[in-house]
Enquirer: 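First, the structure itself, so that you have it in front of you.
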Amino acid sequence: HRKSFDWGRKQQQWRIVSKDGYLYVFDLFSGTCTSAALYALRRSKRVRVVCVDNGHTLEYIKKWIPSKYHDRILYIQQDINERSHTKLLELTKKRWPGASWSSTVHVHASPSCRSHSRADRGLSRHRNSKGEPLSELARSDDQACAHAVSIMLAIRQEAPHALYTIENPE
C-alpha cells in the first residue's frame, strides 16, 4: 500500500498523528521562503514550516511572508553545512515541542542558483560543459548541496513516507 500526500483532500490519505496535530515541512536553502514554504503554508493550516538559509534575516523574510503565517514558520539563519538533521529537529522542538520526523511530510532543498542553474547559458563560468565546478563558488555550492542531500537521506530513515524534492541539482 503506497501512501501519497494530496494537499487538495486536506491530507485524508495520510494517517500521520503528531503530538501537536501539525505536519512539518523543512525547506533547506529557503531564500525568502516563498517557494515550497509559502506553498505549504497556503495549502494547509495543519502545516508548520522550518526554513534554513544563511542569506537573509528573519525581519527580511517576514516582508515576503504574509503575517497570518508568521506563527507557523521557523527561520534558522545559518549555513546548512553547520547543521545536521539531529540539530534541525532539536531547534524545531525548541519552538514546537511536538515536532518529530514522523510528522514530516515534505523536505525540500533549493541549492544556490548562482552556480547550479543553467539559466545563465554558461556565461558565469562556474562550470565546464560537463557540469564540473570551475570556481570556488561552485565547489562551495557543491559541498553545501552534498551536505543537504546527506541531511535529507538521514531524515528519510525516520520519515520514509515524506516527499523529498531538490531544485537545480547538476
Side-chain angles (χ1 to χ4, degrees), residues 3-113 116-117 141 144-169:
K3 293 182 181 181
S4 62
F5 193 72
D6 184 347
W7 290 101
R9 295 186 186 192
K10 299 181 181 174
Q11 297 83 29
Q12 291 175 10
Q13 293 175 324
W14 277 77
R15 303 290 189 253
I16 293 176
V17 179
S18 62
K19 293 178 185 177
D20 58 9
Y22 285 92
L23 302 175
Y24 291 86
V25 171
F26 286 78
D27 192 355
L28 312 177
F29 308 105
S30 59
T32 55
C33 303
T34 54
S35 182
L38 186 56
Y39 176 80
L41 291 166
R42 286 182 171 162
R43 297 304 297 161
S44 176
K45 292 179 181 179
R46 287 185 61 208
V47 169
R48 288 177 171 166
V49 176
V50 179
C51 295
V52 183
D53 198 282
N54 65 349
H56 303 291
T57 63
L58 177 60
E59 292 73 30
Y60 182 79
I61 296 302
K62 286 184 173 182
K63 292 177 184 177
W64 295 91
I65 303 291
S67 60
K68 66 182 177 179
Y69 302 129
H70 288 184
D71 64 325
R72 293 191 291 128
I73 192 165
L74 169 62
Y75 182 68
I76 300 171
Q77 182 184 9
Q78 194 154 38
D79 186 337
I80 194 71
N81 289 317
E82 298 174 14
R83 288 288 165 233
S84 66
H85 82 289
T86 307
K87 189 64 174 176
L88 285 178
L89 186 58
E90 180 183 310
L91 291 171
T92 303
K93 284 180 172 248
K94 281 184 180 180
R95 170 88 180 269
W96 299 308
S100 68
W101 291 128
S102 62
S103 57
T104 298
V105 293
H106 187 188
V107 182
H108 177 73
S110 181
S112 174
C113 295
H116 284 109
S117 176
D141 285 351
C145 186
H147 186 68
V149 169
S150 72
I151 289 172
M152 294 171 88
L153 290 171
I155 295 169
R156 191 170 188 281
Q157 295 298 310
E158 299 181 54
H161 297 294
L163 173 65
Y164 295 86
T165 55
I166 303 174
E167 292 179 41
N168 293 323

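All figures in this text were calculated on a predicted structure; none of them were measured in a lab. The figures here come from the full heavy-atom set of this structure, side chains too, leaving out hydrogens, waters and symmetry mates.
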Enquirer: So which atom in Arg46 and which in Gly21 form the shortest heavy-atom distance, rounded to 0.1 Å?
Expert: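 That would be NE-O, 3.3 Å.
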
Enquirer: Less than 4.5 Å apart, any side-chain heavy atom of Leu88 and any of Leu28?
Expert: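 SC-SC contact between Leu88 and Leu28 confirmed.
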
Enquirer: Should Asp141 and Pro111 count as side-chain neighbours, where that means a heavy-atom distance under 4.5 Å?
Expert: no

Enquirer: I'd like to know if the side chain of Ser103 reaches the main chain of Ala99, judged simply by a donor and an acceptor atom lying under 3.5 Å from each other, with no hydrogens or angles considered.
Expert: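 No; zero donor-acceptor contacts below 3.5 Å.
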
Enquirer: Between Gly31 and Ile61, which heavy-atom pair has the shortest distance, and what is it?
Expert: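 The answer is O-CD1, 3.1 Å.
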
Enquirer: Flag the pair Gln77 / Leu58 as yes when at least one side-chain heavy-atom distance between them is below 4.5 Å, and no otherwise.
Expert: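 Contact flag for Gln77/Leu58 side chains = no.
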
Enquirer: Rounded at 0.5 Å granularity, tell me how far CH2 in Trp96 sits from CG in Asp20.
Expert: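 Going from the CH2 atom of Trp96 to the CG atom of Asp20 covers 9.5 Å.
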
Enquirer: Looking only at atom types and distance, does a side-chain atom of Tyr75 sit under 3.5 Å from a main-chain N or O of Lys62, one as donor and one as acceptor?
Expert: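 Between the backbone of Lys62 and the side chain of Tyr75 there is no qualifying donor-acceptor contact (under 3.5 Å).
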
Enquirer: List, one per line, each side-chain donor-acceptor pair under 3.5 Å for residues 149-160, sequence neighbours excluded.
Expert:
from   : atom 1 : to     : atom 2 : distance (Å)
Ser150 : OG     : His147 : O      : 2.6
Glu158 : OE2    : His85  : NE2    : 3.4

Enquirer: Could you tell me which residues satisfy side chain to side chain donor-acceptor pair (under 3.5 Å) with Thr32, sequence neighbours excluded, listed by chain and number?
Expert: Thr34

Enquirer: Got a donor-acceptor contact below 3.5 angstrom from the His70 side chain to the Ile65 backbone?
Expert: yes

Enquirer: Taking atom CD1 of Ile76 and atom CG of Asp53, what is their separation to the nearest 0.5 Å?
Expert: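 Here the interatomic distance stands at 11.0 Å.
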
Enquirer: Kindly indicate whether the side chain of Cys33, heavy atoms from C-beta on, has any atom under 4.5 Å from the side chain of Ile73.
Expert: yes

Enquirer: Does any pair with a residue in residues 25-39 pass salt bridge (charged side-chain N to carboxylate O under 4.0 Å, His left out), and if so which ones, sequence neighbours excluded?
Expert: none

Enquirer: How long is the span from the CZ atom in Phe29 to the CD1 atom in Ile80, to the nearest 0.5 Å?
Expert: 5.5 Å

Enquirer: Would you indicate whether the side-chain heavy atoms of Arg83 and Leu91 approach each other to under 4.5 Å?
Expert: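 Counting from C-beta outward, Leu91 and Arg83 do come under 4.5 Å.
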
Enquirer: Are any non-hydrogen side-chain atoms of Leu163 and Val105 less than 4.5 angstrom apart?
Expert: no

Enquirer: Measure the spacing between CG of Leu89 and CZ of Phe26 and express it to the nearest 0.5 Å.
Expert: 6.0 Å

Enquirer: I need the full list of salt bridge (charged side-chain N to carboxylate O under 4.0 Å, His left out) pairs touching residues 63-80, with sequence neighbours left out, sorted by first then second residue.
Expert: none

Enquirer: Within this structure, what is the OG-OH distance for the pair Ser100 and Tyr22, rounded to the nearest 0.5 Å?
Expert: 14.5 Å

Enquirer: Between NE2 of His108 and OH of Tyr39, what distance do you get to the nearest 0.5 Å?
Expert: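 His108 NE2 to Tyr39 OH: 12.5 Å, rounded to 0.5 Å.
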
Enquirer: Do the side chains of Cys51 and Val49 get nearer than 4.5 Å, heavy atoms only?
Expert: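 Side chain of Val49 against side chain of Cys51, heavy atoms only: contact under 4.5 Å found.
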
Enquirer: Please find the pair of heavy atoms, one from Arg95 and one from Leu74, that lie closest to each other, and give the distance.
Expert: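 Closest approach of Arg95 to Leu74: NH1-CA, 3.7 Å.
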
Enquirer: Under the rule for side chain to side chain donor-acceptor pair (under 3.5 Å), what residues qualify as partners of Lys87, not counting sequence neighbours?
Expert: Glu90

Enquirer: Does a side-chain heavy-atom distance below 4.5 Å link Leu38 with Pro66?
Expert: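 Yes - at least one pair of side-chain heavy atoms lies under 4.5 Å apart.
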
Enquirer: Which residues pass the side chain to side chain donor-acceptor pair (under 3.5 Å) test with Tyr60, sequence neighbours left out?
Expert: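 Scan of Tyr60 (side chain to side chain donor-acceptor pair (under 3.5 Å), adjacent residues dropped) gives Trp64.
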
